[in-house]
Structures are given as C-alpha cells and as structure tokens.
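For reference, positions follow the sequence shown, starting with 1.
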Amino acid sequence: MNPTLFDGVLTLSALLLAGAVLAAGVRIVRGPAAADRVIALDMLGLIGVAAAGLAALVADAPAFVDIALGVALVGFLATVAFAGFIARAARPTGEGRP
C-alpha cells in the first residue's frame, strides 16, 4: 500500500475517533436518562479499544493490542455492573420482599 495513502487513512481514522469521543461526551452530559449515559460510557470504552488499535498501527507495536483487549474486558464488566444497578434501582420495592 502507498505510504501516503496509509498515513491519510490513519489521520482520517484519528479524526473520526475524536468526533466519536465528542459525540459520546455530549450524550454523557445531556443524558436524559441513566441508560443513555451508560451506553455513552460503553461507547467511550469501545472508542478506547479502537484508539489502542490505531496506536498499534501507528507505533507498529503489537503490545497495544493487549491493551485494547484489557480495555474491552473492563468496559464489558462495567457495562454489566451499571445495567444491574439500573435494573435494581428501577425495581419497585414491595412490602413482602426484603
């Protein structure tokens, strides 16, 4: 592949990732519901994975792929925890249940 074209694709990818971070940041601030904020946080985690993959390409260092895997696993666990918290908060409290 042409090195100039490859550099252009990497630059475009970085700009698109920056735009995605801005869009997710707006959704985190504006909400309107907790579920919207959780989805935006999950999106930031996925953008972090994409950024680590992009860094692996730019730096030609495959160690960034391991970082991307770690960020993806932590993001998944955080999303599951947030979903459980939201589900527990939305559950009505009954008199018969502790």
> Compare every heavy atom of Ala24 with every heavy atom of Ala40, then report the nearest pair and how far apart it is.
CB-O, 3.7 Å

> Between atom CG of Leu5 and atom CG of Leu12, what is the distance when rounded to the nearest 0.5 Å?
10.5 Å

> Specify the closest pair of heavy atoms between Val65 and Ala56, including all atoms of both residues, with the distance to one decimal.
CG2-CB, 4.1 Å

> Would you mind reporting whether Asn2 and Phe6 have side-chain heavy atoms less than 4.5 Å apart?
no

> For Ile47, run the side-chain contact (heavy atoms from CB on, under 4.5 Å) check against Leu17, Asp42, Val71 and tell me which one passes.
Leu17

> Considering non-hydrogen atoms only, spot the tightest contact between Ser13 and Leu54 and give its length.
CB-CD1, 3.9 Å

> Would you name the heavy atoms of Arg37 and Arg27 that are closest together and state the gap between them?
CG-O, 4.2 Å

> Which atoms form the tightest heavy-atom contact between Ala59 and Phe64, and what is the distance?
CB-CE1, 4.0 Å

> Looking only at heavy atoms, which two atoms of Val49 and Ala68 are closest? And how far apart?
CG2-O, 3.5 Å

> Answer yes or no: are there more than 12 heavy-atom neighbours, outside Asp60 itself, under 6.0 Å from its atom CG?
no

> Linking I/L/V/M/F/W/Y whenever any side-chain heavy atoms sit under 4.5 Å apart, do Met43 and Val80 land together?
no

> Side chains of Thr79 and Leu41: closer than 4.5 Å at any heavy-atom pair?
no

> Which value, rounded to the nearest 0.5 Å, describes the distance between Leu44 atom CG and Ile28 atom CD1?
4.5 Å

> Do Val21 and Val74 sit in the same hydrophobic cluster, where Ile, Leu, Val, Met, Phe, Trp and Tyr count as joined when their side-chain heavy atoms come under 4.5 Å apart?
no

